[in-house]
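Working notes, structure below.
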Amino acid sequence: MANTILVTGGAGYIGSHACLELLQAGYQVVVVDNLANSKLESLKRVQEITGKSLAFYQVDIRDHDALADVFAKESINAVIHFAGLKAVGESCEQPQMYYHNNVYGTLVLTQVMAESNVKQLVFSSSATVYGAAEQVQYTEDLPIGAINPYGRTKAMVEDILRDLSASDSLKPSQSPWKIAVLRYFNPIGAHESGRIGEDPNGIPNNLMPYVTQVAIGKLAQLSVFGDDYPTPDGTGIRDYIHVVDLVKGHIKAIEALQSEKFADGGCKAYNLGAGKGCSVLEIINTFEKVTGRKVNYKMAPRRAGDLAEYFADPALALRELNWKVEKNLEDMAADTWNWQVNNPQGYN
Ligand code: NAD
Ligand code: UD1
């Protein structure tokens, strides 16, 4: 019998890679996306690469009736919820827009899911929910303490999902919620085909897209934000994860939700990261080695809100989801570059 996954935000960077892996793994895929930060071209290419088709609905997840129509038309087994806004700076400028999109949007989605009795959900959370923890290697049991509106939308949605799951004990006659909250570290890279990848609007905020645009000559120079952190080379340390490894973690989560492990329901958070930190200078050096291109950079002051160092403890995901990363930093650099040179203007 078909196992159909509704992917919200499926036209976006991570969502399009998830659709590709889901199709290749034999799932049926239904995408809901309002195309606020993506282009349909990504899904056209996903279908070309896989030779399989998916269903697409241009719907805003906050539109209850339009979303309910999708659930009525399609026979959905589980939802992977990527749809959301993700720029930290923009969330500080326009917090209401972020709470409305990310928090209210998830309330509408879970309401429609409950009405349709679809209760398997994988949610895109972020390592940003840990805020400034005392230890640098994050375990899932650390307190939540996001430090910007974007991060708080993720923390709030996590709370809502835990409350929803807890409410099951008061309704024993209903089927329980089965929820996996996935806390991503720093996703970079692209599919090895070089046909889908990250296509940021305007000047990128994040490190890897900035590095590639400098290497290809679209941007003049990278600013390295801070060389005086208490790290071995003074630059910030993060846990970079290849987007294809990341989306495979979602398929492992779906498998777990549909297995005996979640027979009684529950809401559980998992870190998705490599478990290893890497500095800004290491990223630049690896990128230069793999691509043979120079990355013009200068040292600059620290960026407000940045932490010196953090990385994942991904042991729980290995133990309970049977997932770990397979790709290394060289793969991430090579695949990002392959996408960039083949698509200098992104999907345009
Ligand atoms: P993205 O912007 O490329 O994809 C998000 C998609 O959601 C876009 O296609 C956008 O059009 C769609 N969307 C936004 N609001 C919507 C709405 N109200 N209704 C329907 N569609 C809507 O971002 P991404 O990098 O693919 O991130 C996907 C998810 O993962 C987001 O929730 C993001 O917060 C989370 N996340 C991303 C990162 C990262 O570094 N990229 C890290 C941690 C968590
Ligand atoms: C940022 C967000 C985080 C979000 C994540 C993925 C902030 C404070 N945090 O994480 O909430 O989940 O993106 O979307 O924005 N760097 C430079 N020069 C640059 C860009 C970045 O030196 O031009 C450095 C940063 O200081 C950091 C590292 O590169 O040390 C990674 O930065 P970035 O890719 O923006 O990710 P995060 O800041 O970790």
Side-chain angles (χ1 to χ4, degrees), residues 2-20 22-23 27-40 42-44 46-47 53-86 94 96-126 150 153-154 156-165 167-168 171 174-182 247 250-251 253-254 257-258 265 267:
N3 197 344
T4 304
I5 312 297
L6 176 80
V7 182
T8 75
Y13 169 46
I14 304 172
S16 57
H17 287 82
C19 290
L20 192 156
L22 283 164
L23 288 172
Y27 292 88
Q28 305 283 322
V29 175
V30 176
V31 172
V32 162
D33 199 303
N34 65 358
L35 303 180
N37 194 39
S38 54
K39 303 203 174 66
L40 207 45
S42 63
L43 292 177
K44 197 176 141 239
V46 163
Q47 294 175 88
S53 57
L54 53 74
F56 174 75
Y57 295 88
Q58 186 167 349
V59 161
D60 191 301
I61 56 163
R62 291 166 294 184
D63 183 340
H64 174 282
D65 294 352
L67 198 56
D69 275 350
V70 176
F71 277 80
K73 278 199 196 99
E74 306 282 351
S75 181
I76 291 160
N77 297 90
V79 176
I80 305 182
H81 178 30
F82 294 107
L85 302 174
K86 62 165 181 176
Q94 301 190 64
Q96 287 154 304
M97 183 168 92
Y98 271 68
Y99 289 115
H100 197 261
N101 202 79
N102 295 6
V103 180
Y104 177 68
T106 306
L107 284 173
V108 175
L109 172 67
T110 50
Q111 187 184 341
V112 173
M113 288 177 70
E115 288 161 4
S116 316
N117 201 29
V118 175
K119 291 183 146 181
Q120 298 173 10
L121 175 65
V122 178
F123 173 62
S124 296
S125 189
S126 167
Y150 164 70
T153 67
K154 293 293 179 190
M156 283 178 191
V157 168
E158 285 203 9
D159 278 337
I160 290 168
L161 298 179
R162 280 186 283 271
D163 286 345
L164 203 51
S165 175
S167 73
D168 283 333
K171 297 170 243 166
Q174 293 184 12
S175 62
W177 283 93
K178 302 178 179 186
I179 303 172
V181 167
L182 303 182
V247 299
H250 293 64
I251 296 183
I254 291 278
L257 296 182
Q258 297 184 342
C267 175

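Because the structure is predicted, anything quoted here is derived from the model rather than measured. Atoms considered below: every heavy atom in the structure, side chains included; atoms not considered: hydrogens, waters and symmetry mates.
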Tell me if a side-chain donor or acceptor on [X] pairs with a main-chain N or O of [Y] at a distance below 3.5 Å.
X: Gln120; Y: Ile254; result: no
X: Asn77; Y: Ile5; result: no
X: Asp168; Y: Trp177; result: yes
X: Asn102; Y: Thr153; result: no

With sequence neighbours excluded, what pairs up with Lys86 under the salt bridge (Lys or Arg N to Asp or Glu O under 4.0 Å) test?
-> Glu198
For Glu158, which residues count as a salt bridge (Lys or Arg N to Asp or Glu O under 4.0 Å) partner, sequence neighbours excluded?
-> Arg162, Arg183
Report the residues that fulfil ring-ring contact (aromatic ring centres under 6.0 Å, His included) with Tyr13, sequence neighbours left out, ordered by chain and then residue number.
-> His17
For His100, the ring-ring contact (aromatic ring centres under 6.0 Å, His included) test, sequence neighbours excluded, returns Tyr104
Would you say the side chain of Leu22 lies within less than 4.5 Å of the side chain of Ile80, judging by non-hydrogen atoms?
-> yes
Contacts of [X] that satisfy side chain to side chain donor-acceptor pair (under 3.5 Å) - sequence neighbours left out:
X: Asp163; answer: none
X: Ser16; answer: none
X: Ser175; answer: Asn117
X: Asn34; answer: Asp60

Approximate separation, where rounding is to 0.5 Å, of Asp159 CG and Leu164 CG | 12.0 Å
To the nearest 0.5 Å, atom OH of Tyr150 lies from atom CG of Leu85 at 9.5 Å
So which heavy atom on Ser75 is nearest to which on Thr4, and how close?
-> O-CB, 3.2 Å
Heavy-atom closest pair (Lys178 atom, Gly265 atom, distance to 0.1 Å) is CG-CA, 3.9 Å
Qualifying residues under side-chain contact (heavy atoms from CB on, under 4.5 Å), relative to [X], sequence neighbours excluded:
X: Ala55; result: Val30, Tyr57, Glu74
X: Ala72; result: none
X: Gln94; result: Glu90, Met97
X: Thr8; result: Leu6, Ile61, Val79, His81, Ala83, Leu109

Determine whether the side chains of Asn3 and Gln258 contain a donor N or O and an acceptor N or O closer than 3.5 Å.
-> yes
